[in-house]
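These numbers come from the heavy atoms of this one structure, side chains and all, not from hydrogens, waters or symmetry mates. No experiment lies behind these values; they were computed from the predicted model shown.
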Amino acid sequence: MATPIEKLYSIRLGVQGENATTPIEIDMTSWLEEFPTARLHIMFKRYNDNYPYPVITEFDHPILRWIPTVTDTEYIGVGYAEILALDPETDLVKKSRVVPTAVENSVTGAYGQLPVPSPFENWVNQVLAAKDAVDEVASDIEGSAEAAEAAQAAAEAARDAAQAAAGDFQGLSATASGLATGTAPTVNVTHNEGGLYNLAFGIPKGDKGDQGDPAPAEQVAPA
């Protein structure tokens with residue numbers, strides 16, 4: 001049963017090394033009634049980490065769902081989570097109280113048979129999934145203005161996440177270039193030896209507008 005955001009006081013993430021076994025559902029009704037266009041995110045700082053990172057979430061209105069991964073449960077102890085509502089159109093930033101999280105001890109440790117991905121790798125996967133969603137939208141709309149806006153939003157979100165998680169990797173940059181009209185948006189991820197990731201977005205040009213009516217011929221009065 002989902003916990004209303006105003007009554008969320010603690011979160012049990014599960015046992016160390018568990019992966020995708022403990023769904024956490026948060027009822028965001030009260031926030032969405034006040035801010036219906038806001039985007040919802042969860043920032044999480046694990047025990048002994050210096051910086052938070054954005055966890056992978058699902059949204060099934062009005063439920064915000066976090067299913068902790070083996071990355072989230074790697075360290076035993078108390079961490080902290082914060083729920084955010086962001087609306088770029090109004091510059092809204094709303095934050096929840098800081099919510100303590102708990103990961104319990106395990107005799108088999110954190111790893112088991114699963115490699116532990118870094119928080120940044122999880123974030124890149126989410127950005128790429130968002131890009132796939134943009135591709136689907138682009139195939140169903142006239143022109144590509146909406147797709148371009150979505151791709152730009154994904155680039156900005158990735159950049160902001162990189163700044164928030166600076167303790168886990170050295171940085172991320174996002175660039176954008178124009179593509180031919182009618183092509184799908186693209187994103188390429190590269191990584192150099194200095195630890196810098198780059199997301200290069202290709203944004204299609206919009207369709208050319210209809211030809212306007214010719215100007216009326218100038219009327220010359222008889223002499």
Residue pair [X] / [Y]: nearest heavy atoms and the distance that separates them:
{"X": "Gly17", "Y": "Val70", "answer": "O-CG2, 3.7 Å"}
{"X": "Leu40", "Y": "Leu32", "answer": "CD1-CD2, 4.3 Å"}
{"X": "Ala38", "Y": "Leu92", "answer": "CB-CD2, 4.1 Å"}
{"X": "Leu8", "Y": "Arg97", "answer": "O-NH1, 3.3 Å"}
{"X": "Val55", "Y": "Phe44", "answer": "CG1-CB, 3.5 Å"}
{"X": "Ile11", "Y": "Trp66", "answer": "CD1-CZ3, 4.2 Å"}

Heavy atoms of other groups near [X] [atom1], more than 12 under 6.0 Å:
{"X": "Lys94", "atom1": "NZ", "answer": "yes"}
{"X": "Phe35", "atom1": "CZ", "answer": "yes"}
{"X": "Tyr47", "atom1": "OH", "answer": "no"}

Examine the side chains of Tyr80 and Asp49 and answer whether a donor and an acceptor come within less than 3.5 Å of each other. no
Applying the side chain to side chain contact (heavy atoms under 4.5 Å, CB included) test to Thr57, which of Ile42, Ile83, Ile67 qualifies?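 Looking at Ile42, Ile83, Ile67, the match for Thr57 under the side chain to side chain contact (heavy atoms under 4.5 Å, CB included) is Ile42.
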State whether the side chain of [X] and the backbone N or O of [Y] hold a donor-acceptor pair below 3.5 Å, judged by distance alone.
{"X": "Gln16", "Y": "Glu104", "answer": "no"}
{"X": "Arg46", "Y": "Tyr53", "answer": "no"}
{"X": "Ser106", "Y": "Val15", "answer": "no"}
{"X": "Ser10", "Y": "Pro100", "answer": "no"}

Nearest 0.5 Å please: distance from the CG atom of Leu13 over to the CD1 atom of Ile24. 5.0 Å
